[in-house]
Amino acid sequence: SRITEIEIILDKRGYFLKSRLFKQSGVEGLDWAATDAFRDAAPFINPPTELVGDDGLVRLQYSFFVEWQSFN
């Protein structure tokens, strides 16, 4: 089982600024695939104003769980 925990940081207009990796899965490509997906999908137009923090940023925290099974 692999778990990745990341935070995606957007500006108040929904443009991707950066990501922070809190927990690595042990597979570097898996960890960065989540960040790449958010970067490629941005901008997230008109994020709700309730999500914009006092610093003017939107911080989204996600966990991804991947489980591999071998079938013989």
Side chain D31, main chain Q24, donor-acceptor under 3.5 Å: no
E67, CD atom: more than 12 neighbouring heavy atoms under 6.0 Å: yes
Nearest-0.5 Å distance that lies between atom CD in E5 and atom NZ in K23: 5.5 Å
Side chains of residues 50-57: which donor-acceptor pairs under 3.5 Å do they make with residues two or more places apart or in other chains?
from	atom 1	to	atom 2	distance (Å)
D55	OD1	L57	N	3.0
D55	OD2	R59	NE	3.4
D55	OD2	R59	NH2	2.8

Determine all donor-acceptor pairs shorter than 3.5 Å in which one atom belongs to a side chain in residues 33-44; sequence neighbours excluded.
from	atom 1	to	atom 2	distance (Å)
T35	OG1	S19	OG	3.2
D36	OD1	R39	NH1	2.8

Verdict with reasoning, I9 to V58, per side-chain contact (heavy atoms from CB on, under 4.5 Å): CA-CA 6 Å; I9 302 172; V58 176; over 6 Å; no
F16 vs I8, side-chain contact (heavy atoms from CB on, under 4.5 Å): CA-CA, chis, key distance, verdict: CA-CA 8 Å; F16 180 91; I8 302 300; 4.0 Å; yes
ILVMFWY network linking L21 to F64, side-chain heavy atoms under 4.5 angstrom: yes
Joint hydrophobic cluster, Y15 plus L17, side-chain heavy atoms closer than 4.5 Å: no
Atom pair OH (Y62) and CD1 (I6), whose distance is rounded to the nearest 0.5 Å: 8.5 Å
Residues which pass side-chain hydrogen bond (donor to acceptor under 3.5 Å, both in side chains) with R2, listed by chain and number, not counting sequence neighbours: none
Neighbour count >12 (heavy atoms, 6.0 Å) for atom CZ, F22: yes
